[in-house]
Colleague: 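Here it is, the structure in full.
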Amino acid sequence: MNFTLLITVLVTALTLVVAAYVVAKLIGPRSYAKVKGEPYESGIPTRGSSWLPVSVGFYLFAILFLMFDIETVFLYPWAVVVKEFGAAALLSIGFFLVVLVLGLAYAWRKGDLEWK
């Protein structure tokens, strides 16, 4: 097998990444003030630590939102071609929606949709 093309692409990619990093280091502005390392929020100095624990409920809610929101990305192309594929398209989207409804029922039953 001839891997010349693969090696050429990898070497080119690595070269471009290293070159971009070197150019940025050479011509980029340098400022090492203490203020640069502080978090900024509305111009108000922070009090205490910026690393506060966040409830896992926020992450769970976001994941569930994405899971059920992404379905529209899959439903739109299906709606465009449903007439071309006929019953096969109807069966496939039916299966897709059944899986989504089962996922929603599971999350609902576990109580993950309730804000605590």
Side-chain angles (χ1 to χ4, degrees):
M1 225 179 241
N2 190 353
F3 291 107
T4 307
L5 181 61
L6 177 65
I7 292 171
T8 304
V9 169
L10 290 176
V11 168
T12 304
L14 185 64
T15 303
L16 289 174
V17 168
V18 170
Y21 182 75
V22 169
V23 168
K25 279 294 187 186
L26 290 176
I27 66 173
R30 292 177 185 86
S31 176
Y32 300 107
K34 183 180 176 187
V35 174
K36 284 287 205 183
E38 292 183 7
Y40 176 78
E41 184 173 332
S42 304
I44 301 170
T46 58
R47 283 184 264 148
S49 174
S50 298
W51 294 97
L52 300 175
V54 178
S55 172
V56 74
F58 289 108
Y59 297 110
L60 185 58
F61 196 81
I63 288 171
L64 286 172
F65 172 77
L66 287 174
M67 184 174 75
F68 292 111
D69 191 49
I70 293 297
E71 74 187 62
T72 57
V73 172
F74 293 111
L75 288 176
Y76 182 75
W78 170 80
V80 171
V81 297
V82 70
K83 284 187 179 181
E84 291 179 29
F85 294 109
L90 193 58
L91 285 174
S92 66
I93 202 62
F95 179 73
F96 179 71
L97 290 175
V98 165
V99 170
L100 279 174
V101 168
L102 288 175
L104 178 62
Y106 176 75
W108 198 337
R109 183 160 171 95
K110 275 187 64 180
D112 290 338
L113 300 177
E114 296 176 12
W115 196 256
K116 299 173 187 172

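The shown structure was predicted, so the numbers you read here are calculated from the model rather than taken from an experiment.
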Colleague: Can you list everything that forms a ring-ring contact (aromatic ring centres under 6.0 Å, His included) with Tyr106? Sequence neighbours excluded, please.
Modeller: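 Tyr106 satisfies ring-ring contact (aromatic ring centres under 6.0 Å, His included) with no residue once adjacent residues are dropped.
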
Colleague: Working to the nearest 0.5 angstrom, can you tell me the gap between Phe58 CZ and Ile63 CD1?
Modeller: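 It comes to 14.0 Å.
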
Colleague: Count the heavy atoms belonging to other residues, nucleotides or ligands that lie under 6.0 Å from CZ of Phe96, then report whether that count exceeds 12.
Modeller: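 Above 12, so yes.
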
Colleague: Using side-chain heavy atoms (C-beta onward) and a distance below 4.5 Å, is Tyr21 in contact with Val17?
Modeller: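 No, too far: nothing below the 4.5 Å cut-off.
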
Colleague: Could you tell me the separation between the CD1 atom of Ile93 and the CG atom of Leu100, rounded to the nearest 0.5 Å?
Modeller: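 CG of Leu100 is found 8.5 Å from CD1 of Ile93.
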
Colleague: Supply the atom-to-atom distance Leu97 CG to Trp78 CH2, rounded to the nearest 0.5 angstrom.
Modeller: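 Those atoms lie 7.5 Å apart.
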
Colleague: Can you tell me how far the NZ atom of Lys110 sits from the CG atom of Leu64, to the nearest 0.5 Å?
Modeller: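 Separation between the atoms: 9.0 Å.
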
Colleague: Is Val98 reachable from Leu90 through a run of I, L, V, M, F, W or Y residues, each pair having side-chain heavy atoms under 4.5 Å apart?
Modeller: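 In one cluster with Leu90: Val98, no.
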
Colleague: If hydrophobic clusters are built from ILVMFWY residues whose side chains come within less than 4.5 Å, do Leu26 and Val18 share one?
Modeller: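 Yes, same cluster.
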
Colleague: Using the side-chain contact (heavy atoms from CB on, under 4.5 Å) definition, which of the options Val11, Thr4, Leu10 pairs with Ile7?
Modeller: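 Checked Val11, Thr4, Leu10 against Ile7; only one passes side-chain contact (heavy atoms from CB on, under 4.5 Å): Val11.
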
Colleague: Are Leu104 and Phe74 connected in the hydrophobic side-chain network, where two residues link if heavy atoms are under 4.5 Å apart?
Modeller: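 As far as the 4.5 Å side-chain criterion goes, Phe74 and Leu104 are connected within one cluster.
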
Colleague: Are Tyr59 and Phe61 connected in the hydrophobic side-chain network, where two residues link if heavy atoms are under 4.5 Å apart?
Modeller: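 Hydrophobic grouping puts Tyr59 with Phe61.
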
Colleague: May I ask whether Val82 and Leu75 are part of the same hydrophobic cluster, defined by side-chain heavy atoms of I, L, V, M, F, W, Y residues being less than 4.5 angstrom apart, directly or through others?
Modeller: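 Yes, Val82 connects to Leu75 through the hydrophobic network.
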
